[in-house]
There are 2 protein chains.
Amino acid sequence: MSEGVEWVLHTCVNLSWVGRPVRSARLATFYDLPPAYLNKQLQSLVRAGVLTSVSGPKGGFTLARDPASISLLDVVTAIEGTDPAFRCAGILAAGPWGDKEADYAATCVISTAMRKAELAWRKELARQTIADVCASVERRAPGEPERTRRWLS
Amino acid sequence: MSEGVEWVLHTCVNLSWVGRPVRSARLATFYDLPPAYLNKQLQSLVRAGVLTSVSGPKGGFTLARDPASISLLDVVTAIEGTDPAFRCAGILAAGPWGDKEADYAATCVISTAMRKAELAWRKELARQTIADVCASVERRAPGEPERTRRWLS
């Protein structure tokens, strides 16, 4: 998984606390990240409808919707895409009694088992939102939203 | 995930039905796979204790233990290793109030959430064994073990 996933997850949490647009250069400086590369990842989040890019002197990136409606899965798939980690190539079709027309990705027992594991992973990431992460951090460090807002403003 | 994962999962199922050593070239021909590359993957399974390599004229690869005690996770990690897909680089340490000494991979809320999803994936793969896959295939195609045994012998 790309290291960008960690960057944008933390950045979404920070944007949730700030509540208004922040330029990508400023967001990158916060964690000493390469600005051009972070900007590219943030553009992917805009295309996925997680962030909005606002132009003008007070512009930058901001959350496109309520952090309670942005799951970790939304953010991860914005960067990594929706392709499963295990891609069934249907090798059964090349087997001695393989059917070249069969959809083994859908029917093969092994493909099904691997897909089930992947679904468990997705389900767990879909269950948790950016708002949940914010709440967990705030329980541990109540001053975090305010000092982040100050630093990034 | 490497395409080798699909190859070796199917090969373990076939070896479970054959019940004695089969040469890697023969196993590769079964699905028209590149023999040298399949052989490399099978060696990884030997190192992981999933297969045994038997030398001599009746040699080849065979399951190292009961297929009911070989989980899909055993096979997948033999090929892919045990590193998690999400690797926390601890970017919080570079943040404005980061602690260079802290173990953020263990304590960060985001790292914990990502690890939880990975555990759900592992748990699902650990729950299913090669014997389970064999049984599912046999329910659907009762002749599969016998014709596979004949073809590979």
Side-chain angles (χ1 to χ4, degrees), chain A residues 1 3 5-7 9-10 12-14 29-33 72-73 76 80 84-98 107-114 116-128 132-137 139-141 143-144 147-148 151-152, chain B residues 1 3 5-7 9-10 12-14 29-33 72-73 76 80 84-98 107-114 116-128 132-137 139-141 143-144 147-148 151-152:
Chain A
M1 199 177 290
E3 55 188 348
V5 170
E6 182 180 5
W7 304 356
L9 283 168
H10 281 283
C12 284
V13 168
N14 290 342
T29 307
F30 194 85
Y31 294 122
D32 196 18
L33 300 173
L72 300 192
L73 186 63
V76 171
E80 294 291 306
F86 176 84
R87 275 177 246 192
C88 171
I91 64 166
L92 286 180
W97 34 89
T107 61
C108 168
V109 174
I110 286 170
S111 174
T112 306
M114 295 300 287
K116 216 168 158 184
E118 194 115 354
L119 275 174
W121 178 80
R122 280 172 198 274
K123 212 169 153 182
E124 187 56 44
L125 287 183
R127 218 179 45 77
Q128 299 180 75
D132 294 332
V133 172
C134 288
S136 291
V137 175
R139 268 194 298 277
R140 208 189 280 173
E144 196 76 1
R147 63 178 177 177
T148 302
W151 202 99
L152 284 172
Chain B
M1 200 177 290
E3 54 187 350
V5 170
E6 181 180 6
W7 304 356
L9 283 168
H10 281 283
C12 283
V13 168
N14 291 342
T29 308
F30 195 84
Y31 294 122
D32 197 18
L33 300 173
L72 300 192
L73 185 63
V76 171
E80 294 292 307
F86 176 84
R87 276 176 245 192
C88 171
I91 64 167
L92 286 180
W97 34 89
T107 59
C108 168
V109 174
I110 286 172
S111 175
T112 306
M114 296 300 287
K116 216 168 159 186
E118 194 114 354
L119 274 174
W121 179 80
R122 283 173 195 271
K123 212 168 154 183
E124 187 57 42
L125 287 183
R127 218 179 45 78
Q128 302 181 72
D132 294 333
V133 173
C134 289
S136 290
V137 175
R139 270 195 297 278
R140 208 187 283 174
E144 195 78 1
R147 63 178 177 177
T148 303
W151 202 99
L152 285 172

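Since the model is a prediction, treat every value here as computed from it, not as a measurement. By convention in this document, chain letters (A, B, ...) are assigned in the order of the sequence lines, proteins followed by strands, and residues within each chain are numbered from 1.
For a residue to count as touching a neighbouring chain, one of its non-hydrogen atoms must lie under 4.5 Å from one of that chain's; by this rule B:L92 touches chain A with backbone and side chain alike. In this structure, the portions of B:W7 lying under 4.5 Å from any heavy atom of chain A include both its backbone and its side chain. With a threshold of 4.5 angstrom between heavy atoms, B:R147 approaches chain A through its backbone and through its side chain. The parts of A:E6 that come within reach of chain B are both its backbone and its side chain, each placing non-hydrogen atoms under 4.5 angstrom from that chain. For chain A, the nearby parts of B:L9 are the backbone and the side chain; heavy atoms of each come within less than 4.5 Å. For a residue to count as touching a neighbouring chain, one of its non-hydrogen atoms must lie under 4.5 Å from one of that chain's; by this rule B:T29 does not touch chain A. When heavy atoms are compared at a cutoff of 4.5 Å, A:I91 approaches chain B by way of both its backbone and its side chain. Interface remark: A:T112 contributes no atoms to any contact with chain B (heavy atom separation under 4.5 Å).
Here the closest heavy-atom approach between residue A:G95 and residue B:Y31 is recorded as CA-CD2, 4.0 Å. The two residues A:A113 and B:L125 come nearest to each other via the heavy atoms O-CD2, 4.4 Å. The minimum heavy-atom distance between B:W151 and A:P96, with the atom names listed, is NE1-CB, 3.3 Å.
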*asked:* Using side chain to side chain contact (heavy atoms under 4.5 Å, CB included), reason through B:V76 and A:M114 one step at a time and then give a plain yes or no.
replied: CA-CA 10 Å; B:V76 171; A:M114 295 300 287; 3.8 Å; yes
ask   = side chain to side chain contact (heavy atoms under 4.5 Å, CB included) between A:K123 and B:E124: does it pass, once the steps are laid out?
value = CA-CA 12 Å; A:K123 212 169 153 182; B:E124 187 57 42; over 6 Å; no
- prompt: Do B:E118 and A:M1 pass the side chain to side chain contact (heavy atoms under 4.5 Å, CB included) test, and can you show the C-alpha distance, the side-chain angles, and the key distance before you say yes or no?
  reply: CA-CA 12 Å; B:E118 194 114 354; A:M1 199 177 290; 5.5 Å; no
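Each of B:D132, B:L73, B:T107 has some count of heavy-atom pairs under 4.5 Å with chain A, and the biggest count is that of B:T107. Interface check for chain B: of the options A:I110, A:D32, A:V13, the most heavy-atom pairs under 4.5 Å are formed by A:I110.
Atom CH2 in B:W121 sits 15.5 Å away from atom NZ in A:K116 (nearest 0.5 Å).
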